[in-house]
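Below, chain A is the first sequence line, B the second, and so on; all start at residue 1. Note that the structure is a prediction, hence the values are computed from the model and not measured.
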Number of protein chains: 4
Amino acid sequence: MTATTTVPPGPAAPRRGRPRDAQAEQAILQATVALLSEVGFNQLSIEAVAARAGVGKPTIYRRWPSKAELVLDAVDRLAPPFPTADTGDPLTDLRQIIPELLVRLTSSPVARATIALAGDPEMVSRLGERYLRPRREATADILHRAIAAGELRADIDVEMAIDMMVGALVYRWLVTAQPVDADTARRVVDMVWESLRAPGR
Amino acid sequence: MTATTTVPPGPAAPRRGRPRDAQAEQAILQATVALLSEVGFNQLSIEAVAARAGVGKPTIYRRWPSKAELVLDAVDRLAPPFPTADTGDPLTDLRQIIPELLVRLTSSPVARATIALAGDPEMVSRLGERYLRPRREATADILHRAIAAGELRADIDVEMAIDMMVGALVYRWLVTAQPVDADTARRVVDMVWESLRAPGR
Amino acid sequence: MTATTTVPPGPAAPRRGRPRDAQAEQAILQATVALLSEVGFNQLSIEAVAARAGVGKPTIYRRWPSKAELVLDAVDRLAPPFPTADTGDPLTDLRQIIPELLVRLTSSPVARATIALAGDPEMVSRLGERYLRPRREATADILHRAIAAGELRADIDVEMAIDMMVGALVYRWLVTAQPVDADTARRVVDMVWESLRAPGR
Amino acid sequence: MTATTTVPPGPAAPRRGRPRDAQAEQAILQATVALLSEVGFNQLSIEAVAARAGVGKPTIYRRWPSKAELVLDAVDRLAPPFPTADTGDPLTDLRQIIPELLVRLTSSPVARATIALAGDPEMVSRLGERYLRPRREATADILHRAIAAGELRADIDVEMAIDMMVGALVYRWLVTAQPVDADTARRVVDMVWESLRAPGR
DNA sequence: TTATAAACGAGACGGTACGTCCTGTCTTTTA
DNA sequence: TAAAAGACAGGACGTACCGTCTCGTTTATAA
């Protein structure tokens with residue numbers, strides 16, 4: 001999604017004047033990502049992004065009102081494509097989707113930089129809406145399928161289950177400052193699955 | 001612990017010249033905490049801290065080498081006192097210690113500001129050493145007692161169990177931007193406990 | 001004269017395409033004059049002129065290559081109509097023409113703005129050619145008539161005499177930042193006339 | 001005179017904190033003068049002055065609130081030392097002082113740049129107070145001595161006489177964009193002197 | 001009548017400079 | 001000798017204009 005400040009009123013809005021340069025936008029986002037992984041969020045300056053992208057500063061400010069918004073867009077643009085799985089077996093799906101998601105996330109060059117956004121509550125909710133929600137919903141679907149199939153208890157708190165799986169891994173990554181490997185991720189999935197299993201299965 | 005750059009050579013060292021003003025140090029830390037909760041880590045400036053504390057900038061730089069170190073100290077100084085529990089029953093202990101810890105943590109005015117420190121891997125490890133480790137170890141002790149008592153399986157990964165409990169709650173707090181209440185924390189504890197219980201108990 | 005960059009090749013050149021909008025030109029010049037008297041030459045921006053005139057910036061740049069040229073044209077367009085006099089008596093003519101000229105000049109809203117153009121030698125010569133020369137020549141004519149009539153000495157430096165009259169008044173206006181009144185102007189004329197009078201008259 | 005914004009309250013005011021660097025001030029004024037003669041007032045940027053002087057921009061803004069004030073000070077600092085004369089004969093004094101003053105003024109590398117200041121009435125009065133007034137008064141003294149000696153009429157307007165001499169020459173320099181030579185200046189002095197001479201001398 | 005050509009307003013473009021704020025250091029006076 | 005005060009060189013901020021360049025839309029002559 002593009003962070004245009006003025007949204008065109010409709011599909012047939014003519015947008016007078018010279019249109020915005022799509023190449024410039026690409027160059028800015030790429031420069032942002034490159035610099036994020038080089039110097040981190042706090043040391044990132046709009047000035048440097050403009051220089052690296054070969055673009056004037058106003059061209060950046062015309063599109064994004066702040067550094068945080070720019071980084072939000074850049075991270076979003078660069079987010080690893082969401083892994084999906086529907087093998088018919090929910091546990092297999094989970095064992096595939098969660099490790100892949102977390103491994104990708106925590107090995108992304110901008111992942112840690114993204115954390116700095118979490119200092120601002122507003123940014124957290126923006127990140128949540130654009131980045132986390134779709135991934136959460138896919139995971140929730142799998143769990144609901146498992147409940148429908150009788151594999152998991154019917155009274156479980158699906159949201160909490162997701163928080164346990166994702167939270168444990170993200171927290172571990174954050175605190176230990178080391179990437180999360182697929183094996184660890186799978187063990188977490190199994191532990192949570194075990195604690196939610198329907199009795200007698 | 002105070003981050004003095006020049007450590008006194010011994011307990012009986014007279015330290016020539018005018019001694020450092022302990023009041024100034026207090027004022028600086030208090031001003032830091034106040035500003036952290038007002039404007040957040042990213043917007044916090046040494047300049048503003050000095051002004052609010054009624055202190056010169058060099059007085060701050062003499063004691064702390066960077067904004068991050070200053071914040072680290074301020075957060076540490078303000079950290080809620082660590083809750084302990086040893087009722088004899090490990091589950092009761094966990095049900096007491098974890099909710100109290102998390103509720104305090106996530107309602108602290110500087111909690112969110114602390115997150116911003118996580119953007120810098122160096123700061124993460126510093127935070128971990130000074131703040132998280134003692135709390136982790138107390139929790140690990142409880143789990144080890146439970147294993148020794150035969151209440152939990154002997155082959156469990158204690159570190160991972162802690163990450164699941166704490167991570168789930170921290171992640172939920174971060175992502176939903178809402179405080180964590182004692183009831184939610186207790187449910188997480190119970191879920192994890194259940195998944196680790198020794199068979200037949 | 002309008003400072004068109006591309007001069008039409010002749011009076012009967014049809015110039016294909018849409019002709020330039022005369023209304024736009026008027027609006028631009030008027031906006032220029034208005035802004036000149038409001039903010040002065042140095043603070044005048046093409047951007048503001050375009051906005052005030054309800055015109056795009058290229059429409060201005062298409063006609064005038066620089067701010068100085070635009071202001072030159074605007075000043076020229078607004079110059080007070082040149083007073084003339086030929087009563088038969090040169091002193092009477094001078095007493096009429098010089099005060100009127102100077103009073104008009106120094107009370108014009110753009111007069112002071114014009115001074116700023118004098119910072120650029122190129123602009124000075126342009127201003128001289130277009131604005132000052134015709135007025136100078138009319139004044140010189142009067143002095144020459146006076147010489148021919150034997151009222152002034154034959155060996156006087158006419159150019160210098162003009163500089164004394166006009167220069168004294170312009171300088172006074174510039175330095176005292178007050179308008180020049182007709183009475184003062186007439187006294188200057190009389191002083192200079194006196195110092196140039198033919199002996200025995 | 002130095003354009004310190006905050007004037008020390010008295011001669012014995014200690015002024016706590018690090019004092020302003022006199023070398024920096026010199027470097028700034030010299031850089032200003034150099035750039036003025038290179039690019040003129042309108043093209044002069046504070047940025048370039050700071051770079052040339054090897055100084056941070058705030059160091060300039062701490063001392064001078066605007067480009068105009070800085071230039072005013074630089075011009076003042078560079079003003080040619082005021083020529084004086086008191087030979088006993090007022091006409092000789094005038095013939096000496098006026099040409100020297102005007103020749104110096106109009107040949108200074110920053111003279112034309114100074115003209116741009118005249119676009120702002122405020123600057124004109126500042127310039128007048130600091131630069132023109134003392135020179136005017138010296139000239140007025142000579143004329144008053146001549147009146148007292150009976151060489152000039154008692155009823156003359158001294159201010160106007162000065163405006164005629166100085167104004168004619170400045171105007172000529174401005175309009176013809178050529179330097180004023182000593183001979184021309186002397187002829188102007190003589191013309192004005194002649195028109196003011198007491199009858200019978 | 002239909003191209004073709006040029007001007008129109010709007011507004012984005014790469015830039016430069018603005019004047020402000022903050023950085024981390026250095027220098028002075030006071031205690 | 002550390003304190004406060006405050007100036008220092010430097011660098012990034014976000015803004016205002018610069019002068020140029022598309023855009024899509026008139027408006028007029030030429031084919």
Side-chain angles (χ1 to χ4, degrees), chain A residues 6 14-21 23-25 43-51 53-63 65-67, chain B residues 6 15-21 23-24 43-51 53-63 65-67, chain C residues 6 13-21 23-25 43-51 53-63 65-67, chain D residues 6 14-25 43-51 53-63 65-67:
Chain A
T6 52
R15 297 272 276 127
R16 304 210 311 170
R18 178 175 175 173
R20 290 191 176 166
D21 187 344
Q23 279 189 307
E25 191 155 309
Q43 306 303 325
L44 181 76
S45 74
I46 299 285
E47 196 109 7
V49 172
V55 139
K57 274 197 290 178
T59 300
I60 297 180
Y61 285 108
R62 214 173 280 125
R63 291 172 156 90
S66 69
K67 183 170 87 168
Chain B
T6 53
R15 301 269 269 125
R16 304 205 317 164
R18 176 172 174 177
R20 287 193 176 164
D21 187 345
Q23 280 189 309
Q43 307 302 325
L44 181 76
S45 72
I46 300 287
E47 193 104 9
V49 172
V55 139
K57 276 194 293 174
T59 301
I60 297 179
Y61 283 110
R62 213 173 283 124
R63 290 171 156 91
S66 70
K67 183 171 86 170
Chain C
T6 52
R15 302 265 270 119
R16 304 212 320 168
R18 178 175 175 175
R20 288 191 178 164
D21 187 343
Q23 280 189 308
E25 191 156 308
Q43 307 303 326
L44 182 76
S45 73
I46 299 286
E47 195 105 8
V49 172
V55 140
K57 278 197 290 177
T59 301
I60 296 180
Y61 283 108
R62 212 173 282 125
R63 291 171 157 90
S66 70
K67 183 171 87 169
Chain D
T6 53
R15 299 273 274 124
R16 305 212 311 173
R18 178 175 176 173
R20 289 190 178 166
D21 187 344
Q23 279 189 308
E25 190 156 310
Q43 307 302 326
L44 181 76
S45 74
I46 299 284
E47 196 108 7
V49 171
V55 139
K57 275 196 291 178
T59 300
I60 297 180
Y61 284 108
R62 212 174 281 125
R63 290 172 157 89
S66 69
K67 183 171 85 168

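- Set against E:dG9, E:dT28, E:dC13, the side chain of A:Arg20 has E:dC13 as its closest nucleotide.
- Rounded to an integer number of Å, the gap from C:Ile60 CD1 to F:dC17 P is 13 Å.
- Here the CD-OG1 distance, from D:Glu25 to D:Thr59, works out to 11.0 Å after rounding to the nearest 0.5 Å.
- Between F:dA7 and D:Thr59, no contact under 4.0 Å exists linking OP1 or OP2 to a side-chain N or O.
- Between C:Asp21 atom CG and E:dG9 atom P there is a gap of 7 Å when expressed in whole angstrom units.
- The side chain of B:Pro58 sits closest to F:dG6 out of F:dA16, E:dA17, F:dG6.
- Protein atom CD1 of D:Ile46 is 19 Å distant from nucleotide atom P of F:dG11, rounded to whole Å.
- Here the P atom of nucleotide F:dA16 and the CG atom of C:Leu44 are 17 Å apart, to the nearest Å.
- To the nearest angstrom, P of F:dA2 lies 11 Å from CZ of B:Arg63.
- From A:Lys57, atom NZ reaches atom CD1 of A:Ile46 across 9.0 Å, with rounding to the nearest 0.5 Å.
- Atom CZ of A:Arg63 and atom CZ of A:Arg20 lie 5.5 Å apart (nearest 0.5 Å).
- Taking atom CD of A:Glu47 as the reference point, atom C1' of F:dT15 lies 13 Å away to the nearest angstrom.
- Atoms NZ and CD1, on A:Lys67 and A:Ile60 in that order, are 12.0 Å from each other to the nearest 0.5 Å.
- If you take CD of A:Gln43 and P of E:dC22, they are 17 Å apart, rounded to a whole angstrom.
- Distances were taken from every side-chain heavy atom of B:Lys57 (C-beta onward) to each of F:dA7, F:dT27, F:dG14; the shortest belongs to F:dA7.
- With rounding to whole Å, C:Lys67 atom NZ is found 9 Å from F:dG19 atom P.
- Under 4.0 angstrom from either OP1 or OP2 of F:dA28 there lies no side-chain N or O belonging to C:Arg18.
- Which of E:dA17, F:dC23, F:dC13 sits closest to the side chain of A:Tyr61 comes down to F:dC13.
- Close to E:dC13, at under 4.0 Å from its OP1 or OP2, lies a side-chain N or O of A:Arg62.
- Heavy-atom distances to DNA chain E give each of D:Ser66 and C:Gly56 a nearest nucleotide, and the one nearer the 5′ end belongs to C:Gly56.
- Residue A:Ala24 has its side chain nearest to E:dC13 when only E:dC13, F:dA28, E:dT28 are considered.
- B:Gly56 and B:Ala50 make their closest contact through C-CB, 4.2 Å (heavy atoms, listed as atom of the first residue, atom of the second, distance).
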